[in-house]
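Worth saying up front: this structure is predicted, and the values here are computed from it rather than measured. A note on names: the letters A, B, ... follow the listed sequences, proteins ahead of strands, and every chain is numbered from 1. The figures that follow rest on heavy atoms only: side chains count, while hydrogens, waters and symmetry mates do not.
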Amino acid sequence: VPCVSGGLPKPTNITFLSINMKNTLQWNPPEGLQGVAVTYTVQYFIYGQKKWLNKSECRNINRTYCDLSAETSDYEHQYYAKVKATWGMNCSKWTETRRFYPFLETQIGPPEVALTTDEKSISIVLTAPEKWKKNPEDSSVSMQQIYSNLKYNVSIYNTKSNRTWSQCVANHTLVLSWLEPDTLYCVVVESIVPGPPRLAQPSEKQCVRTLKDQTSALKVK
Amino acid sequence: QFGPCRVEGVVLQKLWEAFRAVKDIVQAQDNITGVRLLRKEVLQNVSEAESCYLIHALLKFYLDTVFRNYRRKAAEFRILRSLSTLANNFIVIVSKLQLSQENKMFSTWESARKRFLLFQRAFKQLDREAAVTKAFGEVDILLTWMEKFQQL
């Protein structure tokens, strides 16, 4: 028996949260129905094609999010998604996202950062983040393969002098030279791609101490 | 660098920012979501040699047909500034895309022309105002394609 459409207010704030091409649709419950046993049904649409498509795993669900990564994995396409709420015999009208373009809108996650140090330098090795994959056993695709112009913004903080500086690098290795011996340095890295501005996710702050100056140690002996 | 044409001094970032400011307004006006003008067949696997002809034809079309006919609506929606930024930058690019006659390879030109005609035919099949709005809403697809050539 079809529900009474419009009998409920629509869900609100429907958006795609996209990180490394993991595209999750999320929304808020309808106004005034927080805590009520409302269920939701999601559909999605590929811009330029003809009909709305169902996402079977997101039919009559209780949660307020739905993973549409597989359905929106062709990142050169653009998409819409919509959700409606149902409670008893009543349901809301659909509420729809704006046009979603994964290639331009996905957040590029931070790279993996490996630091090694000696007296006056720190070597940094960066590994590009991986694209979302459907199955863990699927072969990995680096975001570098999708964005060949992927660069990194490396921020370095000298805890002794309280000074911070940053460098934009294109390749995966970077050596910071002329550092102070026996000093704690902290590093944070963000991935960046040209194109429209997009949110950046910084890496976890990592700190390393440069080695003591061996020459002064020898003189003391 | 678009194949045989070199374009210097063009900052795509300004174009991105201009379009981003109007994207949601313009795309929300496009109700014919079942049609995409800049389809994959138009822009995918374009050879370097073709790219100059295609970008020239597309930008000229956007200047002469899309932006020109969208001005009234842009004023209505108070987005004239973004429209002007896009148009002025497209004029600069087109002016720098001078393709010298001697290296105009007919077969490449023909292949690029077919791609452009795919786009233009789809445009003409729609109501004029709807087509202009849809084409403007697809500037992000066009800039994405241009950006890829800028990396080569």
Side-chain angles (χ1 to χ4, degrees), chain A residues 13-16 18 21 43-53 71-82 94-108 128 142-153 168 170-171 191-200, chain B residues 1 10-46 82 85-86 118-119 121-123 125-126 130-131 133-152:
Chain A
N13 296 333
I14 183 170
T15 56
F16 274 99
S18 177
M21 299 296 182
Q43 290 187 335
Y44 67 97
F45 184 92
I46 301 170
Y47 175 61
Q49 297 189 10
K50 296 306 176 198
K51 55 189 177 68
W52 285 92
L53 302 169
E71 290 73 18
T72 55
S73 58
D74 183 338
Y75 47 78
E76 291 191 343
H77 268 307
Q78 301 181 323
Y79 302 90
Y80 294 89
K82 61 183 182 184
W94 294 98
T95 187
E96 201 172 299
T97 64
R98 52 185 185 73
R99 197 178 300 175
F100 169 60
Y101 194 177
F103 185 79
L104 290 186
E105 297 181 42
T106 199
Q107 284 179 57
I108 320 286
S142 162
M143 292 297 276
Q144 178 89 49
Q145 291 167 256
I146 298 169
Y147 300 92
S148 54
N149 52 2
L150 178 66
K151 294 186 172 70
Y152 303 105
N153 187 45
C168 182
N171 42 28
S191 306
I192 39 179
V193 286
R198 49 181 107 198
L199 289 176
Chain B
Q1 180 91 31
V10 172
V11 180
L12 280 184
Q13 204 56 33
K14 279 193 292 183
L15 292 162
W16 281 120
E17 280 149 20
F19 183 72
R20 190 163 185 255
V22 302
K23 166 181 153 52
D24 289 347
I25 295 171
V26 177
Q27 289 181 348
Q29 296 161 31
D30 178 4
N31 303 315
I32 312 173
T33 51
V35 171
R36 171 171 161 165
L37 300 175
L38 288 170
R39 308 197 303 268
K40 288 197 170 186
E41 301 88 303
V42 176
L43 294 180
Q44 212 166 45
N45 305 322
V46 172
S82 286
T85 301
L86 289 164
L118 270 179
F119 164 78
R121 213 170 289 133
F123 183 92
Q125 281 165 2
L126 301 176
T133 298
K134 176 174 284 298
F136 193 2
E138 293 188 3
V139 162
D140 51 3
I141 299 174
L142 181 58
L143 293 179
T144 299
W145 178 72
M146 290 165 67
E147 184 102 52
K148 282 183 185 168
F149 273 94
Q150 216 188 22
Q151 304 157 34
L152 295 179

Around atom NZ of B:Lys40, are there more than 12 heavy atoms of other residues, nucleotides or ligands at under 6.0 Å? yes
Please name the pair of heavy atoms, one in [X] and one in [Y], separated by the smallest distance, quoted to 0.1 Å.
X        : Y        : answer
B:Thr33  : A:Phe45  : O-CE2, 3.3 Å
A:Gly195 : B:Gln13  : O-NE2, 2.8 Å
B:Lys23  : A:Arg98  : CE-NH1, 3.5 Å
A:Tyr101 : B:Asp140 : CD1-OD2, 3.7 Å

Under a 4.5 Å heavy-atom cut-off, does chain B meet the side chain of A:Gln78, its backbone, both or neither?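 Looking at A:Gln78, backbone and side chain both touch chain B.
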Region of A:Gln49 that comes under 4.5 Å of a non-hydrogen atom in chain B: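 Contact with chain B: backbone only.
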Restricting to side-chain hydrogen bond (donor to acceptor under 3.5 Å, both in side chains), what partner residues turn up for A:Lys151, sequence neighbours left out?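 By the side-chain hydrogen bond (donor to acceptor under 3.5 Å, both in side chains) rule, A:Lys151 matches no residue at all.
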Partners meeting side-chain hydrogen bond (donor to acceptor under 3.5 Å, both in side chains) with A:Arg99 (sequence neighbours left out):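 If we apply the side-chain hydrogen bond (donor to acceptor under 3.5 Å, both in side chains) test to A:Arg99, skipping adjacent residues, the hits are A:Tyr80, B:Asp30.
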Is it the backbone or the side chain of [X] that comes under 4.5 Å from a heavy atom of chain A, or both, or neither?
X        : value
B:Gln27  : both
B:Leu143 : neither
B:Asp24  : side chain

Got A:Lys50 and B:Val35 here, is their nearest side-chain heavy-atom distance under 4.5 Å? yes
Can you tell if the side chain of B:Glu147 reaches within under 4.5 Å of the side chain of A:Val193, non-hydrogen atoms only? no
Verify, without hydrogens or angle tests, whether A:Tyr47 (side chain) and B:Gly34 (backbone) share a donor-acceptor contact under 3.5 angstrom.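 No; zero donor-acceptor contacts below 3.5 Å.
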